[in-house]
Amino acid sequence: MRRVLAAPAVALAVCTLAAGCTVANTAHGGYDPDTLRIVISQEPPTLEPCESSLTSTGIVVRSNITEPLIERDPDTGDLQPLLSTAWRQTAPDQWTFDIRRGVTFSDGAPFTAKDAAFSIDRAVNSDLQCNVDGYVFGDDKLVVAAPDENTVTIATPKPDPILPLRISFVEIVPFNTSTTEKVREPIGTGPYAIADWEYGQKLLLTRNDRYWGAKPAFARAEYQWRSEGSVRAAMITNDEADIATSLGPEDGAGDRGVPFQNNETTALRMQATEAPLNDIRVRQAINYSVNRTGIVKALFRGLGEPASQLIPSGVVGYNDHLPLWPHDLDKAKTLIAEAKADGVPVDRQIRLIGRTAQFPKISETIEVLQSEFAEIGLNVKIEMMDTAGQLQYQLRPFPADTGPYLLMIMHGNQAGDAAFTLDQYMLSQGPQSAYGTPEFDAKIRAAEALTGQDRQDAFAKLFAEEPQQIMQFAYIAHMKGILGKSPRVDYTPNSATGDEMRLSEMTPASADRTDRS
């Protein structure tokens, strides 16, 4: 259970003991006013750009240290030029991108089409097993070329109407970056560069004076990490941090906590190839036992919405006619009894795996779920893991001989199109999928080839069919976030803030915000 630190003095003491937080005193409170102080829930496992679709990595690296060719506006969904100034479809299976001139990497090397082509090839076609490859491109390989210094062409195995959207997930690195090993500290073209990373302590970024765009307002950004939301909130209220992520309503940020709609959906993924989870009646019973409305109301304090699918409204493919799975413990018990009578080993221990600090009240949510599953007759054991440990069970290839397990996931569709969700989580061999069928795979592929209203309708139909034909998930909630923000900083969080928090959008409260030129 999360321990709430009610007294500011206690919070200060914990923060100081945890690892050298600056304590506010006089003048500027003992801090450098030109340094943006950010506290996040966990240390990034890596800053490898091709892993930037992982929330814990992307929140630091994306559009801060590295940049993509194209940037998606999180409010409108429109694609905007960044390191590419224009793009067009030059053949049914080919797109051409114009490369911005006059850009340099933070180490002074010039950026050209060669770097862009290399970065795409490295992220998608290499053996690095980049998360962005599976999440965004699936099994498709691209043919990437740089016919001159200012042009990149990308050919796809079949026509891809949303290739520019996919390319917006590829962060650009220099062409001499390793293709045999992932890099922990990348070089990029972004407004900031890595100055120092004291592993386990803090990460310092410094303004990239070679940056091609508008100079960001803060000269430095310092990241620290605290797993306790109440400690992160205390750092905001005690003027020890300017931005605090992943806060819960009970953490005590007060009027410095800014609610916002993020794009995350929480769900349990069921390892449906392992008994007793390989029996659909057991998976149905799990769905009947989850009290989604109660969890949102009691644990999330209304900061969320019970979920009936893996994407929130606003994403292409969202089905607004899909009802919530009902909470019916009697029905769940009946299904378990029927399965047991047919010889299904419902008494076999099932692991319930959660990630520490994955979202506010994660521990309490896991405990409530375990209690509900026990009530219907299942034998469930909780296992809380750190990010690295949990990702072994979330991403293929999964560990061998795991036994049956339920995995808490939190999926953010940053792209605004259901193809990314379906490819990743619902194809039978999707990088974060544990179960599927060839027939359902074929329906996904057919829907992805469509455009416009046909695409919307086909995706919405798939989300209605998945619980009937596959039932790999027990959906829980579309989440809302709380961002802790100091009065000295102007910043408005948006739906992408949980995955991509752009430092260049943060300004001192007395300064006017400027746009990139």
Side-chain angles (χ1 to χ4, degrees), residues 53 77 133-140 156-163 165-166 169 263-273 277-278 280 283-284 286-288 290 292 305-326 394-396 407 409-479 495:
S53 54
D133 180 16
Y135 175 64
V136 178
F137 295 94
D139 296 327
D140 290 344
T156 56
K158 55 185 180 296
D160 187 349
I162 62 166
L163 182 69
L165 180 58
R166 298 185 197 276
F169 280 85
N263 57 35
E264 304 281 0
T265 300
T266 50
L268 281 180
R269 193 191 73 194
M270 298 180 263
Q271 208 73 5
T273 56
L277 299 176
N278 61 352
I280 194 168
R283 303 199 299 279
Q284 288 172 335
I286 287 172
N287 261 298
Y288 277 119
V290 176
R292 297 159 179 82
E305 179 183 340
S308 60
Q309 54 203 295
L310 199 51
I311 58 172
S313 61
V315 175
V316 173
Y318 177 76
N319 188 331
D320 57 4
H321 299 297
L322 202 56
L324 281 181
W325 195 277
Q394 184 163 332
L395 300 170
R396 288 183 181 270
L407 182 76
I409 65 166
M410 186 166 67
H411 167 54
N413 189 311
Q414 306 116 302
D417 189 282
F420 298 92
T421 299
L422 294 164
D423 274 4
Q424 190 80 355
Y425 288 93
M426 293 186 184
L427 284 174
S428 53
Q429 294 299 313
Q432 300 192 59
S433 173
Y435 183 64
T437 65
E439 294 78 13
F440 201 72
D441 289 353
K443 291 181 179 181
I444 292 174
R445 291 308 190 197
E448 290 175 346
L450 302 174
T451 58
Q453 189 62 42
D454 290 340
R455 185 182 186 88
Q456 162 64 34
D457 293 344
F459 285 155
K461 184 179 180 182
L462 289 174
F463 284 116
E465 292 178 348
E466 193 279 338
Q468 309 303 321
Q469 300 178 16
I470 307 296
M471 187 164 291
Q472 183 182 179
F473 298 97
Y475 306 113
I476 298 175
H478 303 305
M479 308 294 281
S495 63

Check your understanding: Can you name the nearest heavy-atom pair linking Gln472 to Ala434, along with the distance?
Key -> OE1-N, 2.5 Å
Practice item. Under the side chain to side chain contact (heavy atoms under 4.5 Å, CB included) rule, what do Met426 and Gln432 come out as? Steps first, then yes or no, please. Key: CA-CA 8 Å; Met426 293 186 184; Gln432 300 192 59; over 6 Å; no
Exercise for review: Examine the side chains of Thr421 and Asn413 and answer whether a donor and an acceptor come within less than 3.5 Å of each other.
Suggested key: yes
Point to revise | Partner set under side-chain contact (heavy atoms from CB on, under 4.5 Å) for Asp160, not counting sequence neighbours | key: Thr156, Ile162, Leu163, Arg166
Check your understanding: Among all residues two or more places apart in sequence or in another chain, which pass the salt bridge (charged side-chain N to carboxylate O under 4.0 Å, His left out) test with Arg455?
Key -> Asp417
Point to revise | Sequence neighbours excluded, every pair satisfying ring-ring contact (aromatic ring centres under 6.0 Å, His included) that has a member inside residues 446-478 | key: Phe473-Tyr475
Practice item. Look up atom OG in Ser308 and atom CD1 in Ile476, then write down how far apart they are to the nearest 0.5 Å. Key: 13.5 Å
Check your understanding: With Glu448, which residues qualify under salt bridge (charged side-chain N to carboxylate O under 4.0 Å, His left out), at least two apart?
Key -> Arg445
Practice item. Could you please spell out the steps behind the side chain to side chain contact (heavy atoms under 4.5 Å, CB included) verdict for Glu465 and Lys443? Key: CA-CA 10 Å; Glu465 292 178 348; Lys443 291 181 179 181; 3.3 Å; yes
Practice item. Output yes when a side-chain donor or acceptor of Arg269 lies under 3.5 Å from a complementary backbone atom of Ile409, and no otherwise. Key: no
Check your understanding: Can you list the residues that meet the side-chain hydrogen bond (donor to acceptor under 3.5 Å, both in side chains) rule with Ser428, with sequence neighbours excluded?
Key -> Asp441
Practice item. Taking the side chain as every heavy atom from C-beta outward, state whether Thr437 and Gln469 have any pair of such atoms under 4.5 Å apart. Key: no
**Study point:** Shortest non-hydrogen contact from Leu450 toward Pro161
**Key:** O-CG, 4.1 Å
**Study point:** Heavy-atom closest contact (Ala474 atom, Ile286 atom, distance)
**Key:** CB-CG2, 4.3 Å
Check your understanding: So do Arg283 and Met471 actually touch side chain to side chain, heavy atoms under 4.5 Å?
Key -> yes
Practice item. Starting from the C-alpha separation in whole Å, work towards a yes-or-no answer on side chain to side chain contact (heavy atoms under 4.5 Å, CB included) for Ile444 and Leu462. Key: CA-CA 7 Å; Ile444 292 174; Leu462 289 174; 4.1 Å; yes
Cut-off 3.5 Å, no hydrogens considered: what does the side-chain donor-acceptor table look like for residues 310-323, sequence neighbours left out?
| residue | atom | partner | partner atom | Å |
| --- | --- | --- | --- | --- |
| Asn319 | OD1 | His321 | N | 2.9 |
| Asn319 | OD1 | Leu322 | N | 3.4 |
| Asn319 | ND2 | Ala460 | O | 2.9 |

Check your understanding: Roughly how far apart are Gln394 CD and Ser433 OG, rounded to 0.5 Å?
Key -> 11.5 Å
Check your understanding: When rounded to the nearest 0.5 angstrom, what distance separates CG in Leu427 from CG in Leu422?
Key -> 7.5 Å
Revision key, fill the gap. Minimal heavy-atom distance between Ala464 and Pro467, with the atoms involved, is O-CD, 3.4 Å
Practice item. With sequence neighbours excluded, give me every ring-ring contact (aromatic ring centres under 6.0 Å, His included) pair touching residues 415-451. Key: Phe169-Phe420, His411-Tyr425
**Study point:** Contacts of Gln284 that satisfy side-chain hydrogen bond (donor to acceptor under 3.5 Å, both in side chains) - sequence neighbours left out
**Key:** none
Practice item. Please list, chain by chain and in numerical order, all residues satisfying side-chain contact (heavy atoms from CB on, under 4.5 Å) with Gln453, sequence neighbours excluded. Key: Gln456, Asp457
Review point. Under 4.5 Å between any side-chain heavy atoms of Lys158 and Asp140, yes or no?
Key: yes
Check your understanding: Between Met410 and Thr265, does a side chain to side chain contact (heavy atoms under 4.5 Å, CB included) hold up when you go through it step by step?
Key -> CA-CA 5 Å; Met410 186 166 67; Thr265 300; over 6 Å; no
Exercise for review: Quick one: list whatever passes side-chain hydrogen bond (donor to acceptor under 3.5 Å, both in side chains) with Gln309, sequence neighbours left out.
Suggested key: none
Point to revise | Rounded distance (nearest 0.5 Å) linking atom CG of Leu277 with atom CD of Gln271 | key: 8.0 Å
